[in-house]
Amino acid sequence: MKTQVCIIGGGPSGLLLSQLLHLKGIDTVVLERQSRDYVLGRIRAGVLEQGFTELMREAQCGERMDREGEIHEGFELSDNGVMRHVDLEKYTGGSTVMVYGQTEVTRDLYEAREKLGGVVIHNVEDVALHDLNTDTKPYVTYTLNGEEVRVDCDYVVGADGYHGPSRKAIPADVLTEYEKVYPFGWLGVLSRTKPVNPELIYAKHDRGFALCSLRSQVLSRYYIQVPLTDSVEDWSDEAFWDELKKRLPEDVAARLETGPSIEKSIAPLRSYVAEPMRWGNLFLAGDAAHIVPPTGAKGLNSAASDIYYLYHGLVAHYQNGDDSGLDSYSQKALARVWKAQRFSWWMTSILHTFPDNLPYDQKLQGTDMEYLFSSEAAMTSLAENYVGLPY
Ligand code: FAD
Ligand code: DHB
């Protein structure tokens, strides 16, 4: 098989790039290890920056998002039961975020790929990358139904998440990895219940962090901070709702509608960056190159800015023979990635209960919250990061 860009990974990064390139007449093949149903069964991010929504529209995938997604002009920050409002629109001069789940984003991208006859190959095994940094063109091999297939291409894009083979194809002496692991995870529950609040609530509490989010007016998504030693089996639905209520302001807890969970999972929190994001003819994008703790809602959004830079770099290459965008890809993407890392680390640090925090650290956490609500500059910094820094 022959293509211009072979994309490994059919998550949001890979599908979005494939769709954008297709619309510019650039041929791609997407290789995905899982089935489509499996990919669509994963419940992940829920908050989209404006840069992401614009990219979805450019990819001709924004119609349902614009119809069903909710524009949020702010969110609530609760500190041990005292809730205060963060006015994103006011502090950014008019910017907002869109609440629309990653599952729906991915479904829209799959449907768009199908409509245009895009090649997305599922259930591939043993994906291997070859000749990434030699004088000859690269190629990718995989097996499907026991047969080995070879894809010849100009470029390989590694959009295969944290565990995929692309990043691992870069020699260890070329790659620098930066990592921070947090001593807790998030237990997430999806339920067919009315969301407790029209806006998201990020709740700091001595018992641990909690987040009230939503997918629609009949579908709620809630998270609570749990120790890394906990497993999903340790948490009955009843125990989850009881604990969530304890971490929310009393009036919010009183109106919380509970119900059976339709998904329940634990995600450990981690910050990670791999540099550089290009090696020869391989480009890394999204979770393949960087991970953030979910507190700032930056995981999916950082993947989108990578795709933006890579898309424009590839279009300039194929349409004008201009390689400057590809040559500066790693540097440009990483500059924004690190700002998302800083923001996600900061949101995580001020809102969670750290098991080994000194009383001194706790005082600083409280001071950070007070400073936020007493300084226009601090609030502006939070708001401009949350809605997303410019690409
Ligand atoms: P992925 O979505 O990971 O997609 C990569 C794809 O590559 C997958 O479909 C995978 O099956 C495929 N793949 C892997 N290996 C191979 C292989 N060998 N061959 C072929 N294909 C392969 N972000 C937020 O902003 N908010 C959240 O609440 C949030 N929650 C999360 C919860 C979890 C459990 C995880 C893991 C992530 C969460 N994120 C969240 C982060 C966000 O979902 C990611 O940043 C986003 O999915 C990145 O998209 P991606 O396409 O780069 O990677
Ligand atoms: C969601 C997840 C987040 O990490 C976040 O910061 C906001 C919302 C969600 O899944 O809805």
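Because the structure is a prediction, the values reported are computed rather than measured. Read the numbers this way: they start at 1 and go in the same order the structure lists the ligands and their atoms.
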Quick check on contacts: which atoms of ligand 2 are under 4.0 angstrom from a heavy atom of R44?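 Within the 4.0 Å cut-off of R44, ligand 2 contributes 10 (O).
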L200 neighbourhood, listing ligand 2 atoms whose heavy-atom distance to it stays under 4.0 Å: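 Counting from 1, the qualifying ligand atoms are 7 (C), 8 (C).
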So, is [X] polar-close to ligand 1, with some N/O to N/O distance under 3.5 Å?
X: G299; result: yes
X: R42; result: yes
X: Q34; result: no

Other members of the hydrophobic cluster containing L389, with the 4.5 Å side-chain heavy-atom rule, please.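 Noted: L389 shares its cluster with no other residue.
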Among all protein heavy atoms, pick out the one at the shortest distance from [atom]; state its residue, atom name and that distance to 0.1 Å.
atom: atom 47 (O) of ligand 1; value: Q102 NE2, 2.7 Å
atom: atom 10 (O) of ligand 2; value: Y223 OH, 2.5 Å
atom: atom 52 (O) of ligand 1; value: S13 OG, 2.7 Å
atom: atom 39 (N) of ligand 1; value: R44 CB, 4.4 Å
atom: atom 21 (N) of ligand 1; value: R33 N, 3.1 Å
atom: atom 34 (C) of ligand 1; value: A267 CB, 3.9 Å
atom: atom 6 (O) of ligand 2; value: Y202 OH, 2.7 Å

Return the orientation label for the F75 and Y386 ring planes: parallel under 30°, perpendicular over 60°, tilted otherwise.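 Correct class here is tilted.
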Return the orientation label for the H352 and F184 ring planes: parallel under 30°, perpendicular over 60°, tilted otherwise.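 It falls in the parallel class, under 30°.
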Under a 4.0 angstrom heavy-atom cut-off, which atoms of ligand 1 come close to [X]?
X: Y223; result: 28 (O)
X: P165; result: 17 (C), 18 (N)
X: K298; result: 25 (O)

Please state which part of [X] comes within less than 4.0 Å of ligand 2, counting heavy atoms only: side chain, backbone, both or neither.
X: R215; result: side chain
X: L211; result: side chain
X: W186; result: side chain
X: S213; result: side chain

Any N or O of [X] closer than 3.5 Å to N or O of ligand 2:
X: R221; result: no
X: Y386; result: no
X: P294; result: yes

Against the six-membered ring of Y139, is R150 placed for a cation-pi contact (under 6.0 Å from the centre, within 45° of the normal)?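 Yes; both conditions hold, so R150 lies above the ring face of Y139.
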Does Y178 form a ring pair (Phe, Tyr, Trp, His ring centres under 6.0 Å) with Y272? I'd like the steps, not just the answer. CA-CA 5 Å; Y178 302 87; Y272 173 87; 8.9 Å; no
CD (E177) with more than 12 external heavy atoms under 6.0 Å: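 Above 12, so yes.
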Y222/F240 under ring pair (Phe, Tyr, Trp, His ring centres under 6.0 Å): CA gap, chis, key distance, verdict: CA-CA 9 Å; Y222 298 105; F240 176 85; 7.1 Å; no
Any idea which heavy atoms bring S305 and R336 closest together, and the distance?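 Answer, listing the atom of S305 first, then R336: OG-NH1, 3.1 Å.
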